Amino acid sequence: MEQAAFHFATDGIPVFCELYGSGHINRTYLVETDTGARYILQRLSSVAFHDIPGLMSNIIRVTKHIAAKSVRENSTLHFIPADNGEYYYIDENGAYWRCYRFVEAICIQLPETPDDFYQSAVAFGTFQSQLSDFPVETLTETIPNFHHTPDRYRIFREKIKEDHVGRAATVQQEIDFYLSREEDGSVLQRMRENGQLPVRVTHNDTKLNNVLLDEKTRKAVCVIDLDTVMPGLSAYDFGDSIRFGASTAVEDERDLEKVSMDLNLFRIYTEGFVSSCPSLTEEERLALPLGAKIMTLECGMRFLTDYLDGDHYFKTAYAEHNLVRARTQMKLVADMEENWQEMEKIVRS
Ligand code: ADP
Ligand code: GN1
Ligand code: MG
């Protein structure tokens, strides 16, 4: 039993606790109390997050903003206060924990039907829409430069040079693939800096497994994993969803023959996202394909960076895990390059 569970104002006394979910960053547990109430208890990653009070302040304000606009009880996450009066508890090792209500719903890694993916688009589009009147400048940047792709390139180059674990020579082809696209990768950041694209409150980690679906109706219940909610571009949220959910295979598929971007899923997500986000400007809409390519390129490069650095950031199950992930993203980027005109056509239509 994790002692941390006892420090939150749960309904009843925790009697059951087990590891749960498949996220790459936090350590997640399912907790049940003697009244039958269920909660998610998480130990936050200290590698990823350096200002957890700031991060929790973002999340509490954003979830309250959404809850005030919704009639459905589970339209957003509900956090439970700890016995120190905060929404987090710090254990004797200095680790941060938080607790929130468990939502009875399903979480999937790939869409089982195109409609699953459409529903996730509506969920993330609605999320962004509901936060369109939230004061974006009051949000802490929980991971500075999170989707600043040129800065990700800077770190990538540093890790290649340091070559801490001596892996660089074995992945030269992969390194070259990412380095040769550095110029392409900087386009969104430039458009952000010159004001061509507006800064909005975005989720920034819009994988399909960060949205919960109702098991019976298959409609989206709520968006989860709010650690990276901060100022960003709509293209990031659109793009990261495509990267993960429009792929024909899971993110860590070893057989690259199975990996491609499904144009039909791309079309379906575009429809769901654009229709639930009516305030997108024309320029934002036209930048959506760029979001897909750049988020995929950036994420793949982050996996390779972590591989070169000895796998400190993303959870891995085996030695080559991050490399396998970096390769699926390469395949997806190449596929997008091949289908570029079609992607632009879909978005224009
Ligand atoms: P990570 O940052 O590690 O991805 P998440 O916040 O996404 O952590 O949580 C990991 C997993 O836990 C999710 O993918 C989901 O399966 C499950 N989960 C998280 N929050 C809830 C919730 N409120 N109700 C049910 N399941 C949840
Ligand atoms: C991480 O936390 P999780 O597993 O939903 C990561 C994302 C990556 C993703 C790749 C805070 O997401 O940025 O795109 O893995 N989250 C953080 O699967 O770095
Ligand atoms: Mg997650």
Side-chain angles (χ1 to χ4, degrees), residues 18-32 37-50 52 55-56 58-59 63 73-80 96-110 120 124 141-149 152 155 202-215 220-230 232 236-237 239-245 247 250-253 291-292 294-306 311-316 321-322 324-326 328-329 332:
E18 71 174 6
L19 270 176
Y20 192 78
S22 56
H24 292 347
I25 304 295
N26 299 313
R27 202 168 163 87
T28 303
Y29 299 84
L30 170 64
V31 169
E32 200 170 316
R38 299 168 101 189
Y39 298 91
I40 288 287
L41 176 73
Q42 274 181 329
R43 193 188 69 194
L44 285 132
S45 164
S46 60
V47 178
F49 307 114
H50 300 149
I52 291 173
L55 174 153
M56 285 311 295
N58 279 3
I59 294 184
T63 50
E73 203 202 339
N74 279 336
S75 56
T76 190
L77 297 177
H78 290 270
F79 287 81
I80 311 298
Y96 283 71
W97 295 78
R98 67 175 167 212
C99 179
Y100 49 101
R101 276 195 234 150
F102 179 78
V103 177
E104 211 58 65
I106 57 167
C107 174
I108 52 177
Q109 304 305 317
L110 278 181
S120 75
F124 285 121
E141 232 191 321
T142 59
I143 300 180
N145 291 340
F146 190 56
H147 286 315
H148 189 307
T149 315
R152 293 287 184 183
I155 300 167
T202 49
H203 182 283
N204 299 305
D205 187 3
T206 52
K207 302 202 286 197
L208 182 62
N209 66 13
N210 284 333
V211 59
L212 301 178
L213 300 180
D214 185 280
E215 192 170 6
V221 179
C222 67
V223 165
I224 60 168
D225 202 346
L226 308 176
D227 299 327
T228 51
V229 174
M230 56 182 151
Y236 301 159
D237 280 5
D240 199 48
S241 285
I242 298 300
R243 173 190 81 71
F244 191 85
S247 171
V250 286
E251 193 183 60
D252 55 359
E253 174 58 58
I294 293 178
M295 287 301 97
T296 311
L297 185 68
E298 181 190 275
C299 191
M301 178 176 59
R302 290 173 60 202
F303 289 140
L304 190 57
T305 302
D306 202 31
D311 309 312
H312 297 302
Y313 188 89
F314 297 105
K315 274 185 215 156
T316 50
H321 208 162
N322 271 320
V324 167
R325 291 170 177 150
T328 58
Q329 306 306 291
L332 289 171

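What's counted below: heavy atoms across the whole structure, side chains too, no hydrogens, waters or symmetry copies. As the structure is a prediction and not an experimental result, all values here were calculated from the model. In each ligand, atom 1 is the first atom listed, and ligand 1 is the first ligand listed.
Taking 4.5 Å as the limit, some side-chain heavy atom of Arg98 sits within range of a side-chain heavy atom of Asp227. Looking at His321 and Asp252, their side chains come closer than 4.5 Å, going by heavy atoms from C-beta outward. Considering only heavy atoms from C-beta on, Leu226 comes within 4.5 Å of His203 through its side chain. With a 4.5 Å cut-off on side-chain heavy atoms, Arg243 and Lys207 count as touching. Contact check for Arg325 versus Thr316: side-chain heavy atoms found under the 4.5 Å cut-off. The shortest distance between side-chain heavy atoms of Glu141 and Phe146 does not fall below 4.5 Å. Taking the side chain as every heavy atom from C-beta outward, Asn204 and His147 approach each other to under 4.5 Å. In this structure, the side chains of Ser22 and Asn209 come closer than 4.5 Å at one or more pairs of heavy atoms.
The protein non-hydrogen atom at the shortest distance from atom 7 (C) of ligand 2 is Asp205 OD1, 3.5 Å. Nearest to atom 9 (C) of ligand 2 among the protein's heavy atoms is Lys207 NZ, 3.6 Å. Looking from atom 13 (O) of ligand 2 to the surrounding protein, the closest heavy atom is Arg302 NH1, 2.8 Å. Looking at atom 18 (O) of ligand 2, its nearest protein heavy atom turns out to be Glu251 OE2, 2.6 Å. Among protein heavy atoms, the minimum distance from atom 4 (O) of ligand 2 is reached at His24 N, 2.8 Å. Closest protein heavy atom to atom 1 (C) of ligand 2: Ile25 CG1, 3.7 Å.
Distances below 4.0 Å separate heavy atoms of Thr228 from the following atoms of ligand 2: 11 (C). Listed by number with element, the atoms of ligand 1 under 4.0 angstrom from any heavy atom of Asn210 are 7 (O). Each of the following atoms of ligand 1 lies closer than 4.0 Å to a heavy atom of Leu212: 22 (C), 24 (N), 25 (C). With ligand atoms numbered from 1 in the order given, ligand 1 contributes 6 (O), 19 (C), 20 (N), 23 (N) to contacts under 4.0 Å with heavy atoms of Tyr100. Within the listing of ligand 1, atoms 23 (N) sit less than 4.0 angstrom from a heavy atom of Arg101. Every atom of ligand 2 is numbered from 1 in the order shown, and the set under 4.0 Å from a heavy atom of Cys299 is 10 (C), 14 (O). Remark: ligand 1 atoms within the under-4.0 Å shell around heavy atoms of His24 are 3 (O), 4 (O). In summary, the atoms of ligand 1 found under 4.0 Å from a heavy atom of Asn209, numbered by their order in the structure, are 14 (O). Near Gly23, the atoms of ligand 2 lying under 4.0 angstrom from a non-hydrogen atom of the residue are 4 (O). The Cys107 neighbourhood of ligand 1 comprises atoms 14 (O), 15 (C), 16 (O), with distances under 4.0 Å to a heavy atom of that residue.
Every N/O-N/O distance between Leu77 and ligand 1 stays at or above 3.5 Å. No N or O atom of Asn204 sits closer than 3.5 Å to an N or O atom of ligand 2. Geometrically, ligand 1 and Arg98 share no nitrogen or oxygen pair separated by less than 3.5 Å. For ligand 2, the polar-atom distance check against Tyr313 finds a nitrogen or oxygen pair separated by under 3.5 Å. Considering backbone and side-chain atoms alike, Tyr20 places every N or O at 3.5 Å or more from each N or O of ligand 1.
Heavy-atom minimum distance, Leu77 versus Cys222: CD2-SG, 4.5 Å. Contact between Ala105 and Leu213 at its shortest, heavy atoms only, is CB-O, 3.3 Å. When all heavy atoms are compared, the tightest approach of Tyr29 to Tyr20 is C-CB, 4.0 Å. Considering all non-hydrogen atoms of both residues, Asn26 and Leu44 come closest at OD1-CA, 3.3 Å.
Looking at Ala48 against ligand 2, nothing comes within 4.0 Å, counting heavy atoms. With a heavy-atom cut-off of 4.0 Å, Tyr236 does not touch ligand 2 at all. For Arg325, no heavy-atom contact with ligand 2 is shorter than 4.0 Å. Counting heavy atoms under 4.0 Å from ligand 1, residue Asp205 does not touch it at all. Under 4.0 Å from ligand 1, the heavy atoms of Gln42 that appear belong solely to its side chain. Counting heavy atoms under 4.0 Å from ligand 2, residue Phe146 touches it through the side chain alone. Residue Asn210 touches ligand 2 through its side chain alone, judged by heavy-atom distances below 4.0 Å.
By the 6.0 Å contact criterion, CD on Glu18 is enclosed, its count of non-hydrogen atoms from other residues, nucleotides or ligands being greater than 12.
One finds the NE2 atom of His78 at 13.0 Å from the OH atom of Tyr100 (value rounded to the nearest 0.5 Å). The distance from the CZ atom of Phe79 to the CD1 atom of Ile40 is 10.5 Å, given to the nearest 0.5 Å. For the atom pair SG (Cys299) and CZ (Arg152), the distance works out to 9.0 Å, reported to the nearest 0.5 Å. Interatomic distance, NE2 of His24 versus OH of Tyr313, reported as 10.5 Å (0.5 Å rounding).
Nearest residue to atom 22 (C) of ligand 1 from Leu44, Ile40, Leu19 is Ile40 (criterion: closest heavy atom). By heavy-atom distance, the residue among Asp227, Ile108, Ile224, Thr28 lying nearest atom 15 (C) of ligand 1 is Ile224.
Look at Asp205 and the Mg ion (ligand 3): no N/O/S atom of the residue is under 2.8 Å from the metal. Between the Mg ion (ligand 3) and Asn209 there is no N/O/S contact shorter than 2.8 Å.
Using a non-hydrogen distance threshold of 4.0 Å, Arg27 does not register as a contact of ligand 1. Using a 4.0 angstrom heavy-atom cutoff, Arg243 counts as in contact with ligand 2.
Under the 3.5 Å distance criterion, with hydrogens and angles disregarded, no donor-acceptor pair is assigned to the side chains of Gln329 and Thr296. Side-chain contact check for Glu298 and Thr149: at least one donor-acceptor pair (N or O, by modelled atom type) lies under 3.5 Å.
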